[in-house]
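Here is the naming used below: chain letters follow the sequence lines, and residue numbers restart at 1 for every chain. Just the heavy atoms: all of them, side chains too, but no hydrogens, waters or symmetry mates, feed the values below.
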Amino acid sequence: MATKTFGISPRGAVHRWTQTLIPTTREAPADAESPSHVFLSRAGFIRKLGAGIYDFLPLGYRVLKKVSQIVREEMDGAGAMELHLPVMLPIELYNETKRHVAYGDLLFKVTDRKGAVCALGPTHEEPITEMVKGSINSYKQLPINLYQIQTKFRDEARPRSGLLRGREFLMKDAYSFHTAVEGPGGLNETYDKMHAAYTNVFRRCGLDFTVVEAESGPIGGSASHEFMVNAASGEDTILKCPASGYAANVEKCEIGPRPAPAKGYFAGEPSGALEEVHTPGCPGIEDVVKFLKVKPQHMLKSVLFKVQSTPEDLAKYGEEFILAVVRGDHDVNEGKVRDAAGVSGVELADVKEAAAKGFAVGFISPRAALGKKGVLVVVDRDAAIGFDDAAGKPKFWVTGGDKIDYHVKHFNWQRDLGKDPLAAAAHKPETHGTGGLRGGDDYLMVADVRNALAGDPSPRSAGAKLETGRGIEVGHIFKLGTKYSDAMGLSVLGADQQKKSVIMGCYGIGVSRTVAAAVEQNHDENGIVWPVAIAPYHVLITLMRADSADHAALADKIAGELAARGVDVLIDDRDERPGPKFKDADLIGVPIRLTIGEKALAAGAVEFKTRRATDKGSLVPTGEIVEWCVQKIGDAMG
RNA sequence: CGGGGCGUAGCGCAGCUUGGUAGCGCGUUUGGUUCGGGACCAAAAGGUCGGAGGUUCAAAUCCUCUCGCCCCGACCA
C-alpha cells in the first residue's frame, strides 16, 4: 500500500523546539509594515541582513523548500527538465541582447580581480540561450523545456515589504525552445502546459489566485499571463469580469464597447465662450481641480508621447509625437496608445522636447497639436464628447491654456480645433490607423486609450461590468518568440535542411515571493495561518509539562507514528508557561495543534485544535489521534 | 534619483534642545514561588551610543564628512 506523502519526503520530520531555532519576538522590527514582513519576522522565519536581503531561518527555509518542491513536481510532471545555471554572468553575455542597458541600474554587477565585470543574474534568458546554442543543432532535439530554481538578484530602487520585493530572491525560471508556434511540439502546446502546471502549483499551495492577461513588459514577447495571489495588500490592480471569467491587469485590461454619444463624437455646442484663466503653479489635474473648484471629470488631460522610431523612420519622417487625451479622472494607458497609433513603442516626451515642439507640459490642450506635422491626437472615447447626454446640456470642459500657468474653460472640440474633428475622425474612428504619423493625413482619432476602472463594461460579456481587486504577482508566463534566439544566433537545422530560428517561451515563479504572498493572504491578528501544504510543519505538539517524562514519551510516540505517515511534526518541548507557548503556536501558524496536558490525559485523550478554528478545540482519544490528524491533513490538501 | 525620517543592549524605545562618561520595557542568565492563553519576587549578564574627523578639560549630546536603514514620490502634466 502506498503511503500518501504530505511533506517533502515520504517520512515526515520530527523536530523539537529546543533543538531548532525559532526566535519569536513580541514586537516586530521597526521597519516591518506589511503583514508578511511583520509575521515572518516575529515568528522567526526570516531575519533581515540588509535592505532587501533576508536570512531564511529553519522555519522559513522549510516553507521555501515546500513551495520549491511543489513547483519542482509540477514542472517535472509537465515535462520540464531541471538544471542549474550560474548566478555570475559575464557582462559580455548581454552584448547581443543589450539587456544590460535595458535593465540599467536594476542589474547588480561585480568586478573580479582582473577588472572583468559580471552581472548577478536577474533572469536567465541569455545564459540559457547561449547554453542551448552550444548544445542543440537539430530540430530533432526540440522541443525542450529547461528550468532551474535559483537565487536571483535585482538592485531594486526601493526594496520593500520584506520578501515581497527583495534584492535577492528565489525564483523558478523555465525556458522552452521550439521550431514552431502551433501544433505538436510547438510553443503554444508548452505554454498551455505551463499554464496548467502553474495553476496546479498555486492550487496545491492552497492559495486563492487569479490568472490575468498581461503585458509582456521589458522582457519582450507576444503573449503573457500573470498569476496573481489575491490579497488586499497587493501592489497590482487586476480587473475581472464576473460573467465571462476574463481577467487582466490594469496595463492590459480592455474596456468593452462604450456607447458613443447620441450626437456622435465631438458633436455639441460650446458650453460658453472660451475663457482663459490664470492657474499659477498648477500643472497637475489635482492642482487645477482644487484651484478652480471644478470636477476632474470636466477636465481634459493631455499627455504627450514620443514615438520610438527606427533610425530609418526617423530619417524619413522625423521625430513623431502622439498627444493622448483622456478625461481628467482617467489615466492614460501607454500600451493602448501605442497600439491605437499602430507604432512599435512610445515613451513619455520629456519637458524640454515637448517645449521645443511647442507643447507646454502641464498646460497642454488638444489645440496644441493643430498644424503640427508628425503629431497624432488620440482621444479616449470618454473625452471625445461635445454634448453631455446624461446632463442633457453641452459638455463643459476645462483644459490646458497651452502656455505655462494658464488653463481654459468652456473648451469645445468642434469650435476650438479649427478643423472639424468629426470629419477628421470619420476617416478611421475605430480602426488602428496610423493617423498623422508616417506621413499620413489624419491627425486625430478616437480610441480606447485609458486604464480600465471598476464599473467599466466587460470586453467579453455584454452587460457585465468589470470589478477590481488587488493581487501579488507570483507567476508570469511569456511567449518570447525569437527575440533572444535571433539576437544571439540560436537556430537549428530543420527537416528541410534549412536554418530555422528557434522560438522560445519563458516561465517564472517567484518562490520566495510566494511564501510572503501566502502570509499576506493567510493571517489573522495573532499570526500566520499557513495553508497545510506549505506549512513548515503539519502538526505542532504542545507539551504543557515539558518536565513530565510520561507526556514527553506520549508526544514522541504520536510524533513517530505521524512521521511514519508522512506528517511533519514539531514538538514544543520548551519548559515554558502555557501562555507564551500558545501565543507562539498561533504566531508560527502550524495548521494543527495537539496539546498534551493533564486535563485531556485524564480522559485518555489529547486536545486537537486547528489554527484556523476559533474554538478551544476538541478532545480526541490518544489511540485515534494519529489517524484523526492524517485524515484532517488529507482533507485539507485535497 | 527627489523629498522626509531614523541609526543608543537580541527586539521596541527614552536620553540629545540646555555637553559632565548611558537608562527603561520585552527578551536572556541564576535562585525561589508559580503553571491551560505572553506570571511574580530577588539577583545578574549584556551597549567602543553606525563610522571617521573636529570643537572642548570633558561629546550619545555641538560641528563637518561619511556609511547604513526606513517611508513617500519618480515623470499620466
Side-chain angles (χ1 to χ4, degrees), chain A residues 21 23-34 37-38 41-42 44 47-53 104-105 155-162 167 250-251 279 281-289 296 299-306 322-337 346-355 359-365 368 380 383 399-402 404-405 407 449-451 526-527 542-548 572 574-587 593 595-602 607 609 616-617:
Chain A
L21 179 64
T24 60
T25 59
R26 198 191 287 251
E27 284 178 287
D31 53 34
E33 293 202 335
S34 62
H37 193 185
V38 168
S41 302
R42 280 193 54 207
R47 192 184 165 89
K48 186 169 85 172
L49 188 60
I53 309 172
D105 290 338
D155 193 357
E156 292 285 349
R158 191 145 87 77
R160 71 190 92 175
S161 303
R167 297 198 295 171
V250 72
E251 282 75 36
T279 50
C282 294
I285 294 289
E286 281 188 20
D287 307 317
V288 182
V289 162
M299 298 211 42
L300 289 176
K301 188 192 286 186
S302 306
V303 182
L304 188 68
F305 292 94
K306 188 171 141 186
I322 297 169
L323 187 65
V325 184
V326 299
R327 223 167 67 184
D329 55 332
H330 292 157
D331 287 327
V332 175
N333 182 305
E334 199 173 301
K336 291 181 181 180
V337 169
V346 298
E347 59 189 342
L348 228 47
D350 74 45
V351 176
K352 272 189 188 165
E353 276 177 333
F359 291 97
V361 166
F363 305 90
I364 303 176
S365 90
D380 185 68
T399 188
D402 292 314
I404 299 294
D405 288 347
H407 279 79
V449 289
R450 69 165 170 88
N451 283 346
N526 295 317
T542 302
L543 290 170
M544 297 310 293
R545 297 296 306 239
D547 54 359
S548 161
D572 185 355
R574 293 175 299 170
D575 185 13
E576 272 292 345
R577 294 168 53 81
K581 289 191 153 197
F582 290 140
K583 285 290 181 192
D584 280 346
D586 287 346
L587 190 56
R593 190 182 84 203
T595 306
I596 294 181
E598 300 291 355
K599 276 187 186 173
L601 280 182
E607 189 177 307
K609 181 182 178 302
K616 280 283 175 192

A:Glu607 near the nucleic acid: base, sugar-phosphate alone, or nothing, with a heavy-atom cut-off under 4.0 Å?
base
Could you tell me how far B:U29 sits from B:C69 if I compare only their P atoms? Round to whole Å.
32 Å
Considering the options A:Val288, A:Leu300, A:Val325, which one meets the side-chain contact (heavy atoms from CB on, under 4.5 Å) requirement together with A:Thr399?
A:Leu300
Which nucleotide, in any strand shown, forms a Watson-Crick or G-U wobble pair with B:C1, with both distances under 3.5 Å?
B:G73
Taking any strand in view, what nucleotide pairs with B:G23 in a Watson-Crick or G-U wobble way, both distances under 3.5 Å?
B:C13
Of the candidates B:C11, B:C26, B:G36, the side chain of A:Glu27 sits closest to B:C11
B:C11, OP1 or OP2 - any side-chain N/O from A:Arg47 closer than 4.0 Å?
yes
Set of side-chain hydrogen bond (donor to acceptor under 3.5 Å, both in side chains) partners for A:Ser365, sequence neighbours left out
A:Arg367, A:Asp402
Quick one: list whatever passes side-chain contact (heavy atoms from CB on, under 4.5 Å) with A:Val250, sequence neighbours left out.
A:Thr237, A:Leu239, A:Asn451
Across all chains, not counting sequence neighbours, the side-chain hydrogen bond (donor to acceptor under 3.5 Å, both in side chains) partners of A:Lys336 are A:Asp448
Under 4.0 angstrom, heavy atoms only, what part of the nucleic acid is A:Asp584 near: base, sugar-phosphate, or nothing?
base
Residues passing the side-chain hydrogen bond (donor to acceptor under 3.5 Å, both in side chains) test with A:Asp547, sequence neighbours excluded, are A:Arg545
Heavy atoms only, 4.0 Å cut-off, all strands: where does A:Arg593 land among base, sugar-phosphate and nothing?
base
Suppose we define a pair by two distances each less than 3.5 Å, Watson-Crick or G-U wobble; what does B:A60 pair with here?
none
Please classify the nucleic acid contact of A:Asp586 as base, sugar-phosphate, or nothing, using heavy-atom distances under 4.0 Å.
base
If you restrict it to nitrogen or oxygen atoms, what contacts under 3.5 Å exist between nucleotides 39-44 of chain B and the protein, and what is each distance?
residue: B:A39; atom: N7; partner: A:Arg577; partner atom: NE; Å: 3.3

Mind checking what makes salt bridge (Lys or Arg N to Asp or Glu O under 4.0 Å) contact with A:Asp405, not counting sequence neighbours?
none
Quick check: on RNA chain B, is the nucleotide nearest A:Asp331 upstream (toward 5') of the one nearest A:Lys609, or the reverse? Name the residue that is more 5'.
A:Lys609
With sequence neighbours excluded, what pairs up with A:Asp572 under the side-chain hydrogen bond (donor to acceptor under 3.5 Å, both in side chains) test?
A:Arg574
Give me the distances for all protein-to-nucleotides 69-75 of chain B N/O pairs that come in under 3.5 Å?
residue: B:C69; atom: OP1; partner: A:Ala51; partner atom: N; Å: 3.1
residue: B:C69; atom: O3'; partner: A:Lys48; partner atom: NZ; Å: 3.1
residue: B:C72; atom: OP2; partner: A:Arg158; partner atom: NH1; Å: 2.5
residue: B:C72; atom: OP2; partner: A:Arg158; partner atom: NH2; Å: 2.4

When both distances are under 3.5 Å in a Watson-Crick or G-U wobble arrangement, the nucleotide paired with B:G7 is B:C67
Base, sugar-phosphate alone, or nothing: which one does A:Leu304 contact when heavy atoms must sit under 4.0 Å apart?
base
In the structure shown, which nucleotide is the Watson-Crick or G-U wobble counterpart of B:G31, with both distances under 3.5 Å?
B:C41
Report the residues that fulfil ring-ring contact (aromatic ring centres under 6.0 Å, His included) with A:Phe359, sequence neighbours left out, ordered by chain and then residue number.
none
